[in-house]
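A quick note: this is a predicted structure, and the numbers were derived from the prediction, not measured. Basis for what follows: all heavy atoms, side chains included, without hydrogens, waters or symmetry-related copies.
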Amino acid sequence: MKDDTVSVIFQYYNKKRDKEGKAIPKTYRKALELARDRARDGRYKNYEFLIYNDSVKITEVVET
């Protein structure tokens, strides 16, 4: 299974306000890149980034 072809949902979660952002369809590789970029950005310090598919949540969650 290649990371380029696996469709997942990428979503922001604001820990401070306990709110989820809108779900964005991406490939796994693009979702992981976006989560890593946002984790390094100081504006997203209160966020977790969720990456999951429709059936099972993937265990990797990038926290800031």
**OP:** Could you please spell out the steps behind the side-chain contact (heavy atoms from CB on, under 4.5 Å) verdict for Tyr52 and Gln11?
**Re:** CA-CA 9 Å; Tyr52 60 95; Gln11 193 169 22; 2.8 Å; yes

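- Note that OG1 of Thr27 is 10.5 Å distant from CG of Leu34, once rounded to the nearest 0.5 Å.
- Atom CG of residue Asp41 and atom CZ of residue Arg38 lie 6.5 Å apart, to the nearest 0.5 angstrom.
- In summary, the aromatic rings of Tyr13 and Phe49 are positioned with their centroids too far apart to meet the 6.0 Å limit.
- A salt bridge between Arg40 and Asp37 is present, with a side-chain N of the basic residue lying under 4.0 Å from a carboxylate O of the acidic one.
- When all heavy atoms of Ile9 and Pro25 are compared, the closest pair comes out as CD1-CA, 4.2 Å.
- Side-chain atoms of Val8 and Val6, non-hydrogen and from C-beta on, do get closer than 4.5 Å to each other.
- Between Glu48 and Tyr12, the side chains place no donor N or O within less than 3.5 Å of an acceptor N or O (distance only, hydrogens not considered).
- Here the NZ atom belonging to Lys22 is positioned 6.0 Å from the CD1 atom belonging to Ile24, to the nearest 0.5 angstrom.
- Not counting sequence neighbours, Arg17 has no partner by the salt bridge (charged side-chain N to carboxylate O under 4.0 Å, His left out) test.
- Closest heavy-atom contact between Ile51 and Ala35: CD1-CB, 4.4 Å.
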